[in-house]
Structures are given as C-alpha cells and as structure tokens.
Visitor: 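Next up is a structure, given as structure tokens.
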Amino acid sequence: MRRIIVAIDGYSSCGKSTIAKELAAYAGYTYVDTGAMYRAVALYVLRAGVEVSDEEAIKQMLPEIEIGFVRTADGQHVCLNGEDVEKHIRTLEVGNMASQVSTLGVVRRFLVEQQQAMGREKGIVMDGRDIGTVVFPKAELKLFLTASAEVRAQRRYLELQEKGEKPVFEDVLRDVNERDYRDTHRQESPLRQAADAIVVDNSEMTREEQMAHVKQLFADACSD
Ligand code: DC
C-alpha cells in the first residue's frame with residue numbers, strides 16, 4: 001500500500017485529534033497536532049507579556065521559538081524550547097490566545113513551513129484548520145470534521161471538568177462560537193473546507209462508528 005498524507009481539518013473541539021491520533025496509530029503514521037504548535041506560540045507570547053496587537057514584537061520573537069514533539073507514556077506532548085508544555089497549552093486562556101496569534105500571517109508562515117517539512121516523507125496524519133487548503137493542498141486524503149456547536153461545547157466542557165477545572169457551560173459555548181467565528185473569518189488562511197475534502201459530521205456518530213468510517217476512507221485512499 002502506498003504511503004499517503006492525511007489532512008484533517010475542522011472546527012475546534014470536534015474530535016479531530018482523537019480521530020487523527022487513532023488513525024495514525026492504526027496506520028503506523030506520524031501524527032502532528034498543528035493546533036498544539038499554535039498553542040505553544042501563544043504560550044510563549046503570553047509568558048513574554050506581549051500584546052497580540054504588537055505584530056512586530058511577535059515577529060521578532062519567532063526565531064527564539066523552537067517547537068517539538070515528544071512521545072510520553074500518555075501520548076504525544078508538545079515541547080517549547082525543550083520544555084514539555086502539554087499541560088500548560090490546554091487551558092481556555094491559551095486556546096483563546098492561540099486563536100488570536102493564528103490570525104497573524106508571520107506566525108502562520110513560520111509554522112506552515114515547519115509543517116510542510118514534516119510531511120516530506122509522507123506517512124503523516126496532520127490535523128488543524130488549513131492542512132488540506134494550505135499546508136498540503138495535494139494531500140491524498142482530506143477530511144473535514146464537523147459537529148454542532150452545542151455538541152462540541154458539551155465535549156469541551158467535560159474535558160475541562162476532567163482536568164479539574166470548573167467551567168460554566170455558557171462560557172464554553174460562547175468560547176466555541178467566538179473561536180469558530182475567528183477561525184472562519186480571519187484574513188490569513190481562514191478555516192474552510194477544501195473542494196476535494198470529505199465531510200464527516202460526527203454530531204450523531206459514536207467514536208467507533210466514526211473510526212470505522214475513517215479507516216475505510218483511508219484504505220480507499222491508499223489503494224487509489
Ligand atoms: O485545534 P486547537 O483548538 O488546538 O487550535 C488552537 C487554535 O489554533 C485555534 O483557534 C485555531 C488555530 N489553528 C490554526 O489557525 N491553524 C491550524 N492549522 C491549527 C490551529
């Protein structure tokens with residue numbers, strides 16, 4: 001079977017990373033969570049106390065930022081300049097900042113270049129917002145995942161509770177809606193479905209149903 005690039009895009013909290021991780025493990029491919037890369041940049045900017053409106057200051061900082069991934073007992077973690085920052089990047093605050101820094105062209109170019117380099121050998125499953133449209137427009141399999149805002153907010157709410165946070169559902173839903181708006185309306189690489197992407201709406205699907213569907217799409221793409 002030929003090795004391919006799988007590009008998975010979609011709204012926040014619609015289960016992209018769950019599907020992408022599981023598919024990568026199944027296929028023996030490398031998994032790359034590009035949202036984690038934007039979150040790592042956001043964490044760096046937050047720690048430096050720089051305003052997101054100060055694009056020039058952020059541009060100056062980019063060469064100081066090195067992002068990597070490490071495998072740990074509980075899955076892949078993102079590293080920022082050698083520090084495992086996985087638990088720091090999954091908060092609402094960093095998520096919001098990531099959504100804002102990801103509107104900046106300099107940040108996108110900085111990360112897209114690294115993402116494209118990771119796909120040179122193929123055998124990769126990458127998830128994000130612009131993977132099928134900008135990073136790998138020639139990916140052999142493009143999936144566009146979606147679910148209703150309420151379903152996604154409910155999932156996010158439970159995730160935050162599991163992490164020991166005390167979220168308010170209305171805040172999480174508002175956050176999901178605001179992020180959707182920003183992700184789809186920004187000037188630089190807005191979230192949109194590639195013309196040749198396959199839409200997977202998982203509002204009413206179990207994880208197992210969805211995975212079976214995705215594995216079938218993957219098998220079809222590999223044998224094309
Ligand atoms: O998928 P996530 O929630 O971890 O992503 C965090 C933010 O990063 C999200 O608001 C959109 C942005 N992002 C992006 O603009 N492009 C990507 N390829 C991945 C994420």
Side-chain angles (χ1 to χ4, degrees), residues 5-21 31-46 52 55 58 62 65 67 69 75-80 85-119 124-137 139 142-147 149 151-153 155-160 163 165 167 172-194 197 202:
I5 291 181
V6 183
I8 303 184
D9 291 303
Y11 292 98
S12 63
S13 307
C14 65
K16 289 187 301 293
S17 64
T18 308
I19 288 295
K21 266 183 222 163
Y31 164 59
V32 181
D33 173 359
T34 62
M37 298 172 80
Y38 286 92
R39 284 171 183 265
V41 171
L43 180 66
Y44 193 86
V45 169
L46 275 171
V52 76
E55 191 170 352
I58 293 177
L62 293 176
I65 302 179
I67 296 169
F69 291 96
Q76 181 177 281
H77 286 186
V78 69
C79 290
L80 173 61
V85 289
E86 189 64 29
K87 68 174 187 293
H88 301 295
I89 62 162
R90 301 292 169 193
T91 61
L92 276 178
E93 187 194 16
V94 174
N96 272 326
M97 185 54 136
S99 176
Q100 293 177 55
V101 297
S102 69
T103 63
L104 304 176
V106 279
V107 172
R108 301 207 72 85
R109 283 189 290 280
F110 174 70
L111 293 180
V112 166
E113 203 175 293
Q114 297 177 31
Q115 292 154 7
Q116 288 173 333
M118 292 172 187
I124 194 165
V125 180
M126 191 174 277
D127 75 19
R129 304 291 190 288
D130 59 341
I131 312 306
T133 51
V134 175
V135 182
F136 297 122
K142 298 181 186 177
L143 302 177
F144 191 85
L145 259 56
T146 176
V151 166
R152 288 183 286 127
R155 290 177 188 156
R156 185 88 194 107
Y157 175 79
L158 293 175
E159 254 173 47
L160 289 167
K163 278 187 204 141
E165 293 192 31
V172 179
L173 180 59
R174 194 184 50 242
D175 197 71
V176 164
N177 281 318
E178 280 175 9
R179 230 191 279 183
D180 284 358
Y181 186 85
R182 262 203 304 270
D183 290 351
T184 51
H185 286 79
R186 66 176 179 231
Q187 231 175 343
E188 289 280 342
S189 314
L191 169 65
R192 62 183 176 81
Q193 187 193 324
N202 62 28

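We count ligands from 1, going down the list as the structure has it; atoms in each ligand are counted the same way.
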Visitor: Less than 3.5 Å apart, any donor N or O on the side chain of Ser102 or Arg186 sitting next to an acceptor on the other?
Guide: yes
Visitor: If you count the atoms of ligand 1 from 1 in the order shown, which ones are under 4.0 Å from a heavy atom of Ser102?
Guide: 12 (C), 15 (O)
Visitor: Quick one: pull up OG1 in Thr103 and CZ in Arg182 and give me the separation to the nearest 0.5 Å.
Guide: 8.0 Å
Visitor: Quick one: look up the protein heavy atom nearest atom 18 (N) of ligand 1 and list residue, atom name and how far away it is.
Guide: Asp130 OD1, 2.8 Å
Visitor: Please determine if Arg156 and Asp175 form a salt bridge, counting it only when a charged side-chain N lies under 4.0 Å from a carboxylate O.
Guide: no
Visitor: In ligand 1, which numbered atoms sit nearer than 4.0 Å to a non-hydrogen atom of Gly128?
Guide: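 Near Gly128, the atoms of ligand 1 are 17 (C), 18 (N), 19 (C).
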Visitor: Main chain of Cys14, side chain of Asn202: is a donor-acceptor contact present, judged purely on distance under 3.5 Å?
Guide: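 Yes; judged by distance alone, with no hydrogens or angles, the pair exists.
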Visitor: How close does the nearest protein non-hydrogen atom get to atom 3 (O) of ligand 1, and which residue and atom is it?
Guide: Arg39 NH2, 3.0 Å
Visitor: Based purely on interatomic distance, does Thr34 place a nitrogen or oxygen under 3.5 Å from a nitrogen or oxygen of ligand 1?
Guide: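 N/O-N/O distance under 3.5 Å: yes.
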Visitor: So, is Asp127 polar-close to ligand 1, with some N/O to N/O distance under 3.5 Å?
Guide: no
Visitor: Show the atoms of ligand 1 that are less than 4.0 angstrom away from any heavy atom in Ala98.
Guide: 6 (C), 7 (C)
Visitor: Spell out, as yes or no, whether a donor-acceptor pair under 3.5 Å connects the side chain of Arg152 to the backbone of Ala147.
Guide: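 A pair under 3.5 Å: yes.
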Visitor: Would you say that more than 12 heavy atoms from the other residues, nucleotides or ligands in this model lie under 6.0 Å from the CD of Glu165, or not?
Guide: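 Count over threshold, so yes.
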Visitor: Using heavy atoms and a threshold below 4.0 Å, how should the contact between Arg179 and ligand 1 be classified: side chain, backbone, both, or neither?
Guide: side chain
Visitor: Looking at ligand 1, is there an atom of it that comes within less than 4.0 Å of some heavy atom belonging to Met37?
Guide: no
Visitor: Using a 3.5 Å cut-off on N or O atoms only, is Arg186 in polar contact with ligand 1?
Guide: yes
Visitor: For atom 16 (N) of ligand 1, what's the nearest protein heavy atom and its distance?
Guide: Arg108 NH2, 3.0 Å
Visitor: If you measure every N/O of Tyr38 against every N/O of ligand 1, is any gap under 3.5 Å?
Guide: no
Visitor: Taking it one step at a time, do Asp33 and Val78 satisfy side-chain contact (heavy atoms from CB on, under 4.5 Å)?
Guide: CA-CA 9 Å; Asp33 173 359; Val78 69; over 6 Å; no
Visitor: With heavy atoms under 4.0 Å as the rule, classify the contact between Asp183 and ligand 1 as side chain, backbone, both or neither.
Guide: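 Side chain only; the backbone of Asp183 stays clear of ligand 1.
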Visitor: Donor-acceptor check, side chain of Asp9 to backbone of Gly132, threshold 3.5 angstrom: yes or no?
Guide: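 Yes, the answer is positive, given that a donor and an acceptor are paired below the 3.5 Å cut-off.
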Visitor: Against heavy atoms of Ser99, which atoms of ligand 1 measure under 4.0 Å?
Guide: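 So the answer, numbered in order with elements, is 10 (O).
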Visitor: Salt bridge check, Glu86 against Arg90: does any charged N sit closer than 4.0 Å to a carboxylate O?
Guide: yes
Visitor: Measure the CZ-OG1 distance between Arg179 and Thr184 for me, rounded to the nearest 0.5 Å.
Guide: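 Rounded to the nearest 0.5 Å, the CZ-OG1 separation comes to 13.0 Å.
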Visitor: Closest non-hydrogen protein atom to atom 9 (C) of ligand 1, residue and atom name please, with distance?
Guide: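 That would be Arg129 NH2, 3.4 Å.
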Visitor: Please confirm whether Gln115 comes under 4.0 Å of ligand 1, counting heavy atoms of the residue only.
Guide: no
Visitor: Please indicate whether any nitrogen or oxygen in Arg90 is less than 3.5 Å from any nitrogen or oxygen in ligand 1.
Guide: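 In this structure, Arg90 places no N or O atom under 3.5 Å from an N or O of ligand 1.
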Visitor: Just verifying a value: how many Å separate Ile19 CD1 and Asp127 CG, rounded to the nearest 0.5 Å?
Guide: 10.5 Å
